[in-house]
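What follows is a set of notes on a single structure, which appears directly below.
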Amino acid sequence: GLKIATIGGGSSYTPELIEGFIKRYDELPVKDLYLVDIEEGKEKLDIVGNLAKRMIKNAGVNINVHLTLDRREAIKDADFVTTQFRVGLLDARIRDEKIPLKYDVIGQETTGPGGFAKAQRTIPVILDICKDIEELAPDAWLINFTNPSGIITETVLKHTKVKAIGLCNVPIGMVYGAAEIMGVDVNRVSIDFAGLNHLVWGTHVYLDGEDVTDKLIYSLGIGKSMSMKNVADIPWEPEFISSLGMYPCPYHRYYYLTDQMLEEIKKDAQTLGTRGEQVKKIEEELFKLYKDLDLNVKPPQLEKRGGAHYSDAACSLINSIYNDKKDIRVVNVKNNGTILDLPDDVVIETNAVIDKAGAHPLSIGHVPTKIRGLMQVVKAYEELTIEAGVNGNYDAALQALTVNPLVPSAMIAKKILDDIIEQNKYYLPQY
Ligand code: NAD
Ligand code: G6P
Ligand code: MN
Ligand code: MN
């Protein structure tokens, strides 16, 4: 029978995943689902795990949910391992958001120094998980959702033998966003994506197969904005967006509108709290709901989190591999010549055909000059971040933060780096 292990099972997103497996049960008959967590997450795992069991019972499907702190038991002979864990929990995220702000730099969980810090904590853990997979389930697919998703996936592909595909809900969110802006059913919209995780551009947008990129760009320029719950929805300037001629992802605002976004983040930090602090409250509310024994479906309040459509992305990807579907999904995958302006061994985010052998990206060639430089510099930052995270290499870490476009100077990069290392000592065995 089909066995799935989900690392970080206590996540409040787990009901999304369960809903996705229930919906696809006829095609994707999951027999055993192991939700794995650590001691600190045990209470959350119990609450959300019991909701998962009620959802499955209510839907009348036959999935056995196992709640465990034993990762090796969960991984052994698994067909798919999915990851949705957060090393250091929300307190570490909040520190990541606050350190850069001290120096007037964007403090965000995946972009800039915050994403760097999250990567440094996560890399030792993902490498450990991969050792278990290599030993106990060498044929398993790793479906990585853990952020920074592109960087973590690239780490796995460069440094382990594990077959891995990275996921993000931004591309699917952009498809929904475009459909909403155009006022059409989402199934009529498709988009060609090129770039990196949280730095992906929609290069062409289609409605019923017809190129409507210019129409969408025009709408974006007259204030019809699209964003995620966790990214301030600042509208694009009409001149800027029409000169770009592409559909930027919400996270592009951190690079293209840095000053405005920094003001927004600073203002929020002083009033509502950082996003991590806000999420703490949302989570409390969610887990209160999850405890209610009468609840046996995914509650709509989960939409307050940034990860909406996670299950669409994850479960449909697993379904496409399992059933050898040869359909197209947007994934984080090894470049291998897809984008000629980037090295072969790095991970990109793009459309790919999915079959039982994995993800086969659709050829892109060279990208336009206007996006090439930003994409290359952020990728260089990511490669250095991986080098630093795997080897505890301070020189690589300092260069990573210095080349990151959101950090203004080498001096500030050093101050931020030293704060990050100091405040994360416990989670950075590699340094
Ligand atoms: P969360 O804080 O709820 O953490 C999920 C669980 O991970 C917790 O129950 C925690 O105890 C557990 N955990 C921590 N360290 C662990 C370890 N070493 N092994 C096993 N479990 C461990 O986090 P969340 O808000 O649900 O987010 C989970 C992850 O998914 C984060 O990394 C987040 O950035 C990521 N995420 C990704 C996307 C995407 O688009 N790729 C979207 C949303 C969230
Ligand atoms: C989406 C992203 C994720 C991100 C999450 C944050 O925007 O694709 O990668 O981590 O939402 O959501 P949260 O509710 O935790 O702030
Ligand atoms: Mn994402
Ligand atoms: Mn064109």
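Remember, it's 1-based here, ligands and their atoms both numbered in the order they're listed.
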(message) Using modelled atom types and a 3.5 Å cut-off, is there a donor and acceptor pairing between side-chain atoms of Tyr247 and backbone atoms of Met174?
(response) yes
(request) On the 0 to 90° scale, with breaks at 30° and 60°, tag the Tyr34-His66 ring pair as parallel, tilted or perpendicular. (result) parallel
(message) List ligand 2 atoms under 4.0 Å from Val279, heavy atoms only on the residue side.
(response) 13 (P), 14 (O), 15 (O), 16 (O)
(message) Go through it in stages, so that I can follow the logic: the residues are Glu283 and Lys44, the test is side chain to side chain contact (heavy atoms under 4.5 Å, CB included), and I'd like the CA-CA distance, side-chain angles, deciding distance and then a yes or no.
(response) CA-CA 10 Å; Glu283 246 200 17; Lys44 279 169 63 179; 3.3 Å; yes
(message) Heavy-atom pairs closer than 4.0 Å: do any link ligand 2 to the side chain of Lys229, the backbone, both, or neither?
(response) neither
(message) Using a strict threshold of under 4.0 Å (side-chain N to carboxylate O), is an ion pair present between Glu16 and Lys298?
(response) yes
(request) Evaluate side chain to side chain contact (heavy atoms under 4.5 Å, CB included) for Val330 paired with Val200, printing each intermediate quantity in order. (result) CA-CA 10 Å; Val330 184; Val200 75; 5.6 Å; no
(message) Taking the basic N atoms (NZ, or NE/NH1/NH2) and the acidic carboxylate oxygens, is any pair closer than 4.0 Å for Lys131 and Glu134?
(response) no
(request) Identify the protein heavy atom lying closest to atom 8 (O) of ligand 2, giving its residue, its atom name and the separation to 0.1 Å. (result) Asn169 OD1, 2.4 Å
(request) Verify side chain to side chain donor-acceptor pair (under 3.5 Å) between Asp419 and Tyr103, making sure each step is shown before the conclusion. (result) CA-CA 11 Å; Asp419 282 2; Tyr103 307 102; 2.8 Å; yes
(request) Could you check Glu73 against Thr68 for side chain to side chain donor-acceptor pair (under 3.5 Å), going step by step and ending with a plain yes or no? (result) CA-CA 8 Å; Glu73 171 202 23; Thr68 181; 3.0 Å; yes
(request) Could you see which bit of Met228 sits under 4.0 Å from ligand 2, with heavy atoms only: side chain, backbone, both or neither? (result) side chain
(request) Check whether any heavy atom of Tyr310 sits under 4.0 Å from an atom of ligand 2. (result) no
(message) Please list the nearest protein heavy atom to atom 5 (C) of ligand 2 with its residue and the distance rounded to 0.1 Å.
(response) Asn230 ND2, 3.9 Å
(request) Among all protein heavy atoms, pick the one closest to atom 4 (C) of ligand 2 and tell me residue, atom and distance. (result) Tyr251 OH, 3.5 Å
(request) Could you tell me whether Lys304 and Glu285 make a salt bridge, using a distance below 4.0 angstrom between a side-chain N and a carboxylate O? (result) yes
(message) Please determine whether a side-chain nitrogen of the Lys or Arg among Asp79 and Lys31 lies less than 4.0 Å from a carboxylate oxygen of the Asp or Glu.
(response) no
(request) Using a cut-off of 2.8 Å, find all protein N, O or S atoms closer to the Mn ion (ligand 3) than that distance. (result) Cys168 SG, His198 NE2
(request) Would you mind finding which of Gly115, Gly306, Ala313 brings a heavy atom closest to atom 1 (C) of ligand 2? (result) Gly306
(message) Please compare Thr110, Asn147, Thr111 and report which has the shortest non-hydrogen distance to atom 3 (C) of ligand 2.
(response) Asn147
(request) Can you label the angle between the Tyr251 ring and the Tyr254 ring as parallel, tilted or perpendicular, going by 30° and 60°? (result) tilted
(message) Please list the nearest protein heavy atom to atom 10 (O) of ligand 2 with its residue and the distance rounded to 0.1 Å.
(response) Glu109 OE2, 2.7 Å
(message) Under 4.0 Å from a heavy atom of Cys168: which atoms of ligand 2 are those, numbered in the order shown and with their elements?
(response) 8 (O)
(message) Please classify the Gln278 to ligand 2 contact at 4.0 Å (heavy-atom distances, strictly less than): side chain, backbone, both or neither.
(response) neither
(message) Show me the pairs that pass ring-ring contact (aromatic ring centres under 6.0 Å, His included) and involve residues 157-186, at least two apart or across chains.
(response) Tyr176-His309
Pairs under 3.5 angstrom, nitrogen or oxygen on both sides, ligand 1 versus protein: list them out, please.
{"residue": "ligand 1", "atom": "2 (O)", "partner": "Arg86", "partner atom": "NE", "Å": "3.0"}
{"residue": "ligand 1", "atom": "3 (O)", "partner": "Lys44", "partner atom": "NZ", "Å": "2.8"}
{"residue": "ligand 1", "atom": "3 (O)", "partner": "Glu283", "partner atom": "OE2", "Å": "3.3"}
{"residue": "ligand 1", "atom": "7 (O)", "partner": "Arg86", "partner atom": "N", "Å": "3.4"}
{"residue": "ligand 1", "atom": "9 (O)", "partner": "Asp37", "partner atom": "OD1", "Å": "3.4"}
{"residue": "ligand 1", "atom": "9 (O)", "partner": "Asp37", "partner atom": "OD2", "Å": "2.7"}
{"residue": "ligand 1", "atom": "11 (O)", "partner": "Asp37", "partner atom": "OD1", "Å": "2.6"}
{"residue": "ligand 1", "atom": "23 (O)", "partner": "Arg86", "partner atom": "NE", "Å": "3.2"}
{"residue": "ligand 1", "atom": "25 (O)", "partner": "Arg86", "partner atom": "NH2", "Å": "2.8"}
{"residue": "ligand 1", "atom": "25 (O)", "partner": "Arg305", "partner atom": "NH2", "Å": "2.7"}
{"residue": "ligand 1", "atom": "26 (O)", "partner": "Ser11", "partner atom": "OG", "Å": "2.5"}
{"residue": "ligand 1", "atom": "32 (O)", "partner": "Phe85", "partner atom": "O", "Å": "2.9"}
{"residue": "ligand 1", "atom": "32 (O)", "partner": "Lys118", "partner atom": "NZ", "Å": "2.7"}
{"residue": "ligand 1", "atom": "32 (O)", "partner": "Asn147", "partner atom": "N", "Å": "3.3"}
{"residue": "ligand 1", "atom": "34 (O)", "partner": "Lys118", "partner atom": "NZ", "Å": "3.4"}
{"residue": "ligand 1", "atom": "34 (O)", "partner": "Asn147", "partner atom": "ND2", "Å": "2.9"}
{"residue": "ligand 1", "atom": "36 (N)", "partner": "Asn147", "partner atom": "ND2", "Å": "3.4"}
{"residue": "ligand 1", "atom": "40 (O)", "partner": "Asn169", "partner atom": "N", "Å": "3.3"}
{"residue": "ligand 1", "atom": "40 (O)", "partner": "Asn169", "partner atom": "OD1", "Å": "3.1"}
{"residue": "ligand 1", "atom": "41 (N)", "partner": "Phe145", "partner atom": "O", "Å": "2.9"}
{"residue": "ligand 1", "atom": "41 (N)", "partner": "Leu167", "partner atom": "O", "Å": "3.0"}

(message) Please report the interatomic distance OH(Tyr431) to CG(Asn391), rounded to the nearest 0.5 Å.
(response) 9.5 Å
(message) Using a 6.0 Å cut-off, check whether atom CD of Gln430 has over 12 heavy atoms from anything other than its own residue.
(response) yes
(request) Below 4.0 angstrom from a heavy atom of Val170, which ligand 2 atoms are there? Numbered from 1 as shown, please. (result) 8 (O)
(message) Counting C-beta onward and ignoring hydrogens, is there a side-chain heavy-atom pair between Leu362 and Thr350 closer than 4.5 Å?
(response) no
(request) Using a 4.0 Å heavy-atom threshold (strictly under), name the region of Phe145 that reaches ligand 2: side chain, backbone, both or neither. (result) neither
(message) Glu109 and salt bridge (Lys or Arg N to Asp or Glu O under 4.0 Å): which single residue from Arg275, Arg86, Arg95 fits?
(response) Arg86
(request) Let me know which of Asp192, Thr203, Thr213, Leu220 forms a side chain to side chain contact (heavy atoms under 4.5 Å, CB included) with Met246. (result) Thr203
(message) Side chain or backbone, does Arg305 bring an N or O within less than 3.5 Å of an N or O on ligand 2?
(response) yes
(request) Going by the side chain to side chain contact (heavy atoms under 4.5 Å, CB included) test, name the single residue among Ile318, Leu142, Leu33, Ile7 that passes it with Thr82. (result) Ile318
(request) Go through ligand 2 atom by atom and flag the ones less than 4.0 Å from a non-hydrogen atom of Gly307. (result) 11 (O)
(request) If you have a sec, work out which protein heavy atom is nearest atom 16 (O) of ligand 2 and how many Å separate them, to one decimal? (result) Arg275 NE, 2.6 Å
(message) Below 4.0 Å from ligand 2: does a non-hydrogen atom of Arg93 turn up there or not?
(response) yes
(request) Go through the structure and list residues passing side chain to side chain donor-acceptor pair (under 3.5 Å) with Asp96, not counting sequence neighbours. (result) Arg121
(message) Regarding ligand 2, does Arg86 bring an N or O atom to under 3.5 Å of one of the ligand's N or O atoms?
(response) no
